[in-house]
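Keep in mind that the numbers below use all heavy atoms, side chains included, and drop hydrogens, waters and symmetry copies. So that the names make sense, note that chain A is the first sequence line, chain B the second, and so on, each numbered from 1.
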Amino acid sequence: MAAVLDWFTANARALPWRAPGVTPWGILVAEVMAHQTPVARVSPVWIEWLIRWPAPADLADAGPAAAITAWSGLGYPRRALHLVACAERIVRDHGGEVPCDPQVLRTLPGVGEYTAAAVACFAFGRRTIVLDTNVRRVLARLFDGSPGVAAHVAAAERSRAAAVLPADPPRAARWNEAVMELGALICTARTPSCPNCPVRSHCRWHRAGRPGEPPPRRPQGYTGTDRQARGRLLHAVITDGPVPAAILAGTDTVWPHAEQRQRALAGLVADGLLCCEDGNYILPSAPATSR
DNA sequence: GAAGCGTGGAA
DNA sequence: TTTCCAAGCTT
């Protein structure tokens, strides 16, 4: 639909990874950083990472501790380990170049269906089906007239997305990016700005009077969870350097509940985000095994 | 297939 | 202040 492409030309955000000359590695880093994370928060961290580690080999050499520290406040720090493992695999198996085949990309740590399609499309111009939560929501409203989407991608969604994807690869890539942007800026989950939508007159959901409930809210809850405990404990080591196990595990300095504290620390160690050496918790210096 | 995995800014 | 949630992936 030309209206969406025209809208994108006029309204695309100037995200740093959309600048000319950004490498496939830059695209991959941006996509992983953007998982469940607002783009506005990703931008400064992405710039920092690409300056420090402009190519996969640079991050592979840097190792996990530096990556975890530089991950800053993006959340889900296992993604930093995934990127290090990606970098190692890219160096070892792909001559230091990010692969362009979505099926190959899919085998990299932390790269799922969406990210593989996105990197193949945005970095290499491949004609792939890019289905993130924004695209799914836009297509569901536009063509199905439903207010939101299910938790998981259905087969029918893929075929519908394929059906509306332009045949010409460069145009398909543009379409993917444009629909994603439309979902991020206009056709938002909570309060969509239909008056500003370039395809409101074609939208089944809008034409039907925007029926239905808003998408089911996810059970989240954070305060007091293992997730919060993990975040606090890891943060302590990132900011203070090596922390004696007697303090981190043995006292309630960082986290009050003893049993939960042990569970969280064990999880962090199991995930490769922390190591315990010589009685101290430290960030891992050895490469995270990427399998 | 459901559950687990962080964070900080906006509403 | 509290609540809600933002370009998913893995087990």
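Among the nucleotides C:dA7, C:dA6, C:dC9, the one closest to the side chain of A:Thr115 is C:dC9. Ranking C:dC4, B:dG6, C:dA7 by closeness to the A:Ala184 side chain, first place goes to C:dA7. Among the nucleotides C:dA7, B:dG6, C:dA6, the one closest to the side chain of A:Arg13 is C:dA7. Comparing atom distances between the A:Glu31 side chain and each of C:dA7, C:dC4, C:dC9 picks out C:dA7 as nearest.
Counted by atom type alone, A:Arg41 and A:Ser72 present zero donor-acceptor pairs between their side chains at under 3.5 Å. In summary, the side chains of A:Asn134 and A:Asp132 do present a donor paired with an acceptor at a separation below 3.5 Å, with no hydrogens or angles considered.
Whole-Å rounding puts the A:His82 NE2 to B:dC5 P distance at 14 Å. The interatomic distance linking A:Arg227 (CZ) with C:dC4 (P) rounds to 15 Å, in whole Å. Rounded to whole Å, the distance from CH2 on A:Trp71 to P on B:dT7 is 12 Å. Between the C1' atom of B:dG6 and the CD1 atom of A:Ile68 lies a distance of 14 Å, rounded to the nearest Å. Atom CZ of A:Arg78 and atom P of B:dT7 are 12 Å apart (whole Å). Per the geometry, CG belonging to A:Asp132 stands 10 Å off P belonging to C:dC9, to the nearest Å. Nucleotide C:dG8 holds its C1' atom 11 Å from the CZ atom of A:Arg136, rounded to whole Å. As a whole-Å value, the separation of A:Arg263 CZ from B:dC5 P is 9 Å.
The shortest distance between the side-chain N/O atoms of A:Thr37 and the OP1/OP2 oxygens of B:dT7 is not below 4.0 Å. Residue A:Arg106 places at least one side-chain N or O closer than 4.0 Å to OP1 or OP2 of C:dT10. Not one side-chain nitrogen or oxygen of A:Arg79 sits closer than 4.0 Å to the OP1 or OP2 atom of C:dG8. Residue A:Gln36 places at least one side-chain N or O closer than 4.0 Å to OP1 or OP2 of C:dG8. Dashed line: the shortest gap from a side-chain N or O of A:Tyr222 to OP1 or OP2 of B:dT7 is under 4.0 Å.
Across all strands shown, A:Gln228 has no heavy atoms under 4.0 Å from either base or sugar-phosphate atoms. Using a 4.0 Å heavy-atom cutoff across all strands shown, A:Leu15 reaches at least one base atom of the nucleic acid.
For A:Glu181, the side chain to side chain donor-acceptor pair (under 3.5 Å) partners at least two apart in sequence or on another chain are A:Arg13, A:Arg18. Residues that satisfy the ring-ring contact (aromatic ring centres under 6.0 Å, His included) test with A:Trp175, not counting sequence neighbours, are absent from this structure.
Considering A:Arg227, A:His35, A:Gln36 in turn, A:Arg227 is the only one that fulfils the side chain to side chain donor-acceptor pair (under 3.5 Å) rule with A:Tyr76.
Toward the 5' end of DNA chain B, the nearer of the two residues A:His152 and A:Leu273, judged by each one's closest nucleotide, is A:His152. Of the two residues contacting DNA chain C, namely A:Val111 and A:Glu181, the nearest-nucleotide position lying further toward the 5' end is that of A:Glu181.
A donor-acceptor contact under 3.5 angstrom links the side-chain atoms of A:Arg41 to the base of B:dT7.
Nucleotides B:dG6 and C:dT11 place their P atoms 14 Å apart, quoted to the nearest Å. A distance of about 14 Å separates the P atoms of B:dA11 and C:dA7, rounded to the whole Å.
A donor-acceptor pair under 3.5 Å is formed between the side chain of A:Arg106 and the backbone N or O of A:Val111.
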